[in-house]
Amino acid sequence: MSARAPRILLGVSGGIAAYKAPTLVRAFIAAGCEVQVVMTPAAQAFTTEMALSTVSRRPVRSHLLDASEEGRVGHIELADWPDLVVVAPATANVMARAAAGMADDLLTTVLLATRAAVLWAPAMNTNMWRHAATQANLGTLASRGASFVGPDRGELACGWVGEGRMIDPPVIVERAQQLLAAPDVASSWEGRRVLVSAGPTRAYLDPVRFLTNASTGAMGFCLAQQAAARGAEVTLVAGPVERSTPPGVRRVDVHTADQMLAAMSESLEEARHDLVAMVAAVADLAPRSPSAGKLAKAALPEALTAGAWVEGVDVLATLTERFADRASFLGVGAQTVEHDHLVREELLAAGRDKLARKRCDAIFVNRVGVPGVGFGSDTNTGLLVHDDGQVHDAGPPTPKLALAGWLLDRMAERSGRGDR
C-alpha cells in the first residue's frame, strides 16, 4: 500500500445501530483513514446524510443511478476507490443480498464490483442472527474471503438480550487496521490448526441437577472467531452456552468435563495442531456416585456433603501429558486477588503456579470478581505468562474480541508452524 491515507468505504445499512455510524467515521478518521460513506435507503431512517457528510468531510452516496456521478460510471468508480469496504451495521437483509450476488442498490452493487477486502459488522435481532439462513449466508460470504467482527452480546433495541448487537466502533477500527496495514496479521494463522475450548462444563448430581460456574463462553468464542478470521482451521469444543458459532469454525458441543476431554483428544489424535487454547472453565468437582434417577428433595443434603464429591478431571493437564508433542498449549486461568495494590504480583504468582502444574507452553491469567473483567463482562485483561519466563501485560480492560486478537498475535510471534 502506498504512503497515502488508507481508504475506507463505509457501507451503512438500515439497522438501529446506524446511529453509531458518525462515531465510527470519526474513529476511522482519527486513525488516519479517508472515509467515503455509502448509505442504503433504509439507513436514512436512523441517521442522516448531513451528519455523515460532516464528519467524513465527503458527500455521502446513496443512489445507484446518480445523474451527477454516472457520467463517470460512478458506482464502479466507488467500487475501485477503497482499500477496504466496511459494512456497519450489516443487517441480515444486506448480507443475504450480498451472499446472493444481488446488486439492487448502490451498496450491494459496490460489494459485487469491488476488488477490495470486505469487513462485516453484523447487527440484528438474536433470532435473526441465529437463523439457519443467516448462518448459511455468513458461511457463503466467508468462503469468498470476507472477514467479520462481532456481533456482541447485550441488550438489543427490540428488548431482547443476546447476540446481535453491533460490536463497538473501536473494535471495528482495530480489526480494519489489521486488514489494512498488516496483511500478514490477517493471514498470520493461514494453514494452521487451532483447537479452542469455551464455556463451562457441568458435573451432574442427577439427570436434572448439576454443579457448574459462571462462564459465558465469550472469551473462547472470540478466540475461535479471531483465529478463523486470521485463516486458521478452527475446531471449537463448547460447553453449554447460548452462542452462535463464529463463521468458518467447526463446533463440537459437550456438557461434561469427560466429554470435553474426549472431544479434544479425538481432534488431537486426528492431526497435529499449532495451538490448543484451553479457555473453558471446567468444573473442579464431580459427584462420587451420580444418581441415574432424579434424587428426592430429602436426599439432596446428603448428596451435597463434602464426602459425596471428588476432584474432577483436569482437562488441560491431561491433554498436555498425552499430546505434548502434537501442539502448543495455551491455558487460561481466572483468579481472584486479595490485595488491590498487588494485582500484578498475585496474578503473576498464580500464573506461574498454574503454568507448572498444567505443563502448558503459556497461560493467560485474568482477574475475576471486579467490574470490567472476567465472567459476564464485555471486556477483560490479564497477564500472558510463557514457560520461558517472558510476561506480556494486556494493559487496561479491552473488548474480548480485541483481546483474543492480541493473544493470537503474541502466540504467533513465538510459534512455528506446529514445530515445538
Side-chain angles (χ1 to χ4, degrees), residues 195-221 235-243 251-270 276-324 326-327 329-338 346 349-360 363-369 374-376:
L195 177 62
V196 182
S197 69
T201 64
R202 295 174 176 175
Y204 281 90
L205 183 63
D206 64 21
V208 297
R209 301 182 181 94
F210 52 83
L211 176 73
T212 190
N213 55 64
S215 174
T216 64
M219 193 67 229
F221 275 66
T235 298
L236 172 64
V237 179
V241 292
E242 290 293 325
R243 289 187 174 275
R251 177 173 176 175
V252 179
D253 288 307
V254 299
H255 284 85
T256 68
D258 287 335
Q259 291 170 352
M260 181 168 284
L261 175 60
M264 298 183 77
S265 296
E266 181 179 355
S267 188
L268 285 164
E269 287 165 355
E270 289 176 354
V276 175
M278 189 69 201
V279 191
V282 180
D284 295 309
L285 298 175
R288 185 183 299 276
S289 301
S291 175
K294 181 182 176 182
L295 292 170
K297 185 175 181 178
L300 286 176
E302 182 178 352
L304 292 171
T305 60
W309 295 85
V310 296
E311 185 176 344
V313 61
D314 189 323
V315 176
L316 178 56
T318 304
L319 290 175
T320 57
E321 181 179 4
R322 295 178 183 175
F323 302 104
R326 296 183 67 80
F329 286 86
L330 167 66
V332 175
Q335 187 69 34
T336 56
V337 171
E338 292 185 13
E346 292 189 28
R352 286 172 172 164
D353 175 66
K354 291 185 178 183
L355 192 67
R357 288 189 290 107
K358 308 288 186 179
R359 300 185 296 278
C360 48
I363 191 158
F364 180 73
V365 58
N366 65 284
R367 188 179 183 183
V368 294
F375 297 148

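In what follows, every heavy atom counts, from backbone to side chain, and hydrogens, waters and symmetry copies are set aside. The residues of the chain are indexed from 1 along the displayed sequence. Remember, predicted model here, so these are calculated numbers, not experimental data.
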task = Mind listing the closest non-hydrogen atom pair of Gly351 and Ile363 along with its distance?
result = O-CG2, 3.4 Å
Side chain proximity check, Leu316 to Cys360, heavy atoms < 4.5 angstrom = yes
message = What I'd like to find out is whether the side chain of Val241 reaches to under 4.5 Å of the side chain of Thr216, using heavy atoms alone.
response = no
message = Are more than 12 heavy atoms, taken from residues, nucleotides or ligands other than Asn213, located less than 6.0 Å from that residue's CG atom?
response = yes
query = Taking atom CD of Glu269 as the centre, does the number of heavy atoms from other residues, nucleotides or ligands within less than 6.0 Å exceed 12?
reply = yes
Where His255 and Pro240 come nearest, the two heavy atoms and their spacing = CD2-CB, 3.9 Å
ask   = Would you say Lys294 and Arg209 make side-chain contact, with heavy atoms under 4.5 Å?
value = yes
remark   = Here the gap from Arg251 atom CZ to Arg243 atom CZ, rounded to the nearest 0.5 Å, amounts to 10.0 Å
query = Side-chain contact, heavy-atom cut-off 4.5 Å: Glu346 with Gln335?
reply = no
Smallest separation among heavy atoms of Val365 and Ala350, with atom names = CG2-CB, 4.5 Å
note = Taking every heavy atom of Leu236 against every heavy atom of Gly220, the minimum-distance pair comes out as CD1-O, 4.3 Å
key: Phe323 vs Ser265 side-chain heavy atoms within contact, under 4.5 Å   = yes
message = Walk me through whether Trp309 and Leu304 qualify under side-chain contact (heavy atoms from CB on, under 4.5 Å).
response = CA-CA 8 Å; Trp309 295 85; Leu304 292 171; 4.0 Å; yes
remark   = Given the options Asp314, Asp353, Thr320, Lys358 meets side-chain hydrogen bond (donor to acceptor under 3.5 Å, both in side chains) only with Asp314
ask   = Shortest non-hydrogen contact from Pro200 to Ser215?
value = CD-O, 3.5 Å
query = Quick one: CG on Leu355 to CZ on Arg357, what's the gap to the nearest 0.5 Å?
reply = 10.5 Å
inquiry  = Would you say that Thr201 contacts Thr256 through its side chain, given a criterion of any heavy-atom pair below 4.5 Å between the two side chains?
reply    = no
request  = List the atom of Ala286, the atom of Ala203, and the distance in Å for their closest heavy-atom pair.
outcome  = CA-CB, 4.1 Å
request  = Answer yes or no: does atom CD of Glu302 have more than 12 heavy-atom neighbours from other residues, nucleotides or ligands under 6.0 Å?
outcome  = no
inquiry  = Can you confirm whether Met278 sits close enough to Met260 that some side-chain heavy atom of one is under 4.5 Å from a side-chain heavy atom of the other?
reply    = yes
ask   = Going from CG on Leu195 to CZ on Arg326, what distance comes out if it is rounded to the nearest 0.5 angstrom?
value = 12.0 Å
Any side-chain heavy-atom pair of Met219 and Asn366 under 4.5 Å = no
note = One should read off an interatomic distance between Tyr204 OH and Thr212 OG1, to the nearest 0.5 angstrom, of 8.5 Å
inquiry  = To the closest 0.5 Å, what do you measure between CG (Leu285) and CG (Leu205)?
reply    = 11.5 Å
